[in-house]
Amino acid sequence: MKLRIRFTKTGLIKFVGHLDFMRTFQKIVARSGISPIYSAGFNPHMEMSFASPLGVGAESLGDYVDLEAGYRVPEGVSIVEKQRLDLMGYVNEEFPDVPSERFLLDTLNEASVEGVKFLGVRRITEDGKASRAMAVVRNAAYEIRLSGFSPDKREQIEQVWLSLSDETEINILKKTKKSEKLVNIRPLIHSAGIGRSSYRTVLTPDEDENDLILNLVCASGSTENLKPETLMDVFFEKLNFAEEPHADILRIDLMTEDLRSLGELGVKL
């Protein structure tokens, strides 16, 4: 059974690279007592895939991983899926029934590490690439907290940030191993606003009430993707301050093409 699990990645673990985080996640699953499905071959590994790996230094309240676990699919599996399970030594009918979402979340959180909190679990039933989280992700929502600027600069910062939505073109120089070319990233920006979302209503010790929260929804898929760090480089260039404000990036959620949260897809347990 394929489970889509939503989790956070906050605090010091934001400095852990993706490959090391994958190993951490595997250890969490192993400690939790959940029975993952392992691939066949000489080097078996957990059958799992992350929706959209986050850059080092950024935090997230909406990361997702697809994990195949040893639970029975109640409606049965297709012939192709049955053959795939047979190759790995598994039989769907021999698996136990899937526990409740609350049980899975409690066991995962008990086995977790600081900064990683599990928020939701759904069962994914679709076959093929459309059922893979990394294949359905098209957009992402971010909050970017700016700090370290003088209060008299606040209005200017807000005006420059909001003006990004009015631009028809925002060109950046994209470098490859063989060439350089200008790329218009404006179509990748869906919205750029200012405010404080419900996720950040309480200040943490390292936040100041004068900090400014920038809201961003942008493309985050396999074909079209905009890193918030790239947009912040353009933003700071437009500000042209002698000293740039400090920016903390928080990913709120990953979404489909029609801006549905990945956490809404699938079947409730």
Side-chain angles (χ1 to χ4, degrees), residues 1-9 18-19 21-54 60-113 116-138 221-222 253-258 260-269:
M1 177 180 292
K2 182 183 289 186
L3 302 176
R4 181 160 297 157
I5 304 171
R6 179 173 180 169
F7 62 94
T8 69
K9 188 179 178 185
H18 180 61
L19 291 180
F21 182 77
M22 285 179 61
R23 299 185 187 98
T24 299
F25 184 85
Q26 290 172 342
K27 292 176 181 178
I28 292 173
V29 172
R31 287 196 298 265
S32 73
I34 295 175
S35 299
I37 287 180
Y38 286 85
S39 63
F42 293 103
N43 185 27
H45 57 272
M46 286 187 190
E47 289 287 339
M48 66 178 191
S49 61
F50 289 82
S52 181
L54 199 62
S60 176
L61 297 178
D63 265 18
Y64 295 87
V65 62
D66 286 350
L67 174 72
E68 286 202 59
Y71 298 118
R72 183 176 62 86
V73 178
E75 62 269 22
V77 297
S78 65
I79 295 176
V80 174
E81 181 65 10
K82 182 179 183 300
Q83 291 173 341
R84 189 179 72 88
L85 289 174
D86 286 344
L87 289 174
M88 296 186 290
Y90 299 103
V91 179
N92 178 62
E93 288 71 23
E94 296 179 356
F95 287 139
D97 292 337
V98 63
S100 67
E101 179 185 28
R102 176 46 52 196
F103 176 84
L104 292 173
L105 289 177
D106 287 345
T107 55
L108 284 169
N109 282 318
E110 287 174 4
S112 192
V113 297
V116 179
K117 183 177 180 180
F118 295 91
L119 303 177
V121 183
R122 291 264 183 141
R123 180 166 72 92
I124 304 302
T125 60
E126 295 86 358
D127 294 327
K129 290 185 177 180
S131 66
R132 299 174 61 194
M134 65 174 62
V136 298
V137 170
R138 292 291 184 275
S222 55
D253 205 355
L254 290 170
M255 298 172 289
T256 61
E257 189 169 4
D258 58 355
R260 287 185 64 195
S261 168
L262 260 65
E264 297 177 0
L265 306 181
V267 179
K268 291 184 177 180
L269 299 179

Minimum heavy-atom separation for [X] to [Y], with atom names?
{"X": "A133", "Y": "D66", "result": "N-OD2, 2.9 Å"}
{"X": "I34", "Y": "A69", "result": "CG2-CB, 4.2 Å"}
{"X": "N109", "Y": "V116", "result": "OD1-O, 4.4 Å"}
{"X": "G263", "Y": "R122", "result": "O-NE, 3.4 Å"}
{"X": "V137", "Y": "A51", "result": "CG2-CB, 3.9 Å"}
{"X": "N92", "Y": "G76", "result": "ND2-CA, 4.0 Å"}

Pairwise side-chain contact, [X] with [Y], heavy-atom cut-off 4.5 Å (strictly under):
{"X": "L104", "Y": "I5", "answer": "no"}
{"X": "M22", "Y": "M46", "answer": "no"}
{"X": "E75", "Y": "T125", "answer": "yes"}

Value rounded to 0.5 Å, distance of [atom1] in [X] from [atom2] in [Y]:
{"X": "L265", "Y": "R123", "atom1": "CG", "atom2": "CZ", "value": "14.0 Å"}
{"X": "I124", "Y": "L67", "atom1": "CD1", "atom2": "CG", "value": "12.0 Å"}
{"X": "R4", "Y": "R6", "atom1": "CZ", "atom2": "CZ", "value": "12.5 Å"}
{"X": "L105", "Y": "K117", "atom1": "CG", "atom2": "NZ", "value": "10.0 Å"}
{"X": "I28", "Y": "F118", "atom1": "CD1", "atom2": "CZ", "value": "4.5 Å"}
{"X": "F25", "Y": "H18", "atom1": "CZ", "atom2": "NE2", "value": "11.0 Å"}

Practice prompt. Using the side chain to side chain contact (heavy atoms under 4.5 Å, CB included) rule, take L85 and I37 through it: C-alpha gap first, then chi angles, then the decisive distance, then the call.
Written response: CA-CA 9 Å; L85 289 174; I37 287 180; 4.1 Å; yes

Is a side-chain donor or acceptor of [X] paired with a backbone partner of [Y] at a separation under 3.5 angstrom?
{"X": "R138", "Y": "D258", "value": "no"}
{"X": "S32", "Y": "T107", "value": "no"}
{"X": "E101", "Y": "L269", "value": "no"}
{"X": "R31", "Y": "A111", "value": "yes"}
{"X": "S39", "Y": "H45", "value": "yes"}
{"X": "Y38", "Y": "M88", "value": "no"}

Worksheet item: Centres of the F21 and F7 rings: under 6.0 Å?
Response: yes

Worksheet item: Going through the checks in order, is the side chain to side chain contact (heavy atoms under 4.5 Å, CB included) test met by F95 and M1?
Response: CA-CA 9 Å; F95 287 139; M1 177 180 292; over 6 Å; no

Discussion item. I'd like to know whether E68 forms a salt bridge (charged side-chain N to carboxylate O under 4.0 Å, His left out) with R84, so could you lay out the CA-CA distance, the side-chain angles of the two residues, the decisive distance to 0.1 Å, and finally the verdict.
Written reply: CA-CA 12 Å; E68 286 202 59; R84 189 179 72 88; 2.6 Å; yes

Practice prompt. Check whether the side chains of Y64 and D253 place a donor and an acceptor atom closer than 3.5 Å, and report yes or no.
Written response: yes

Worksheet item: If you draw a 6.0 Å radius around CD in E264, do more than 12 non-hydrogen atoms from other residues or ligands fall strictly inside?
Response: yes

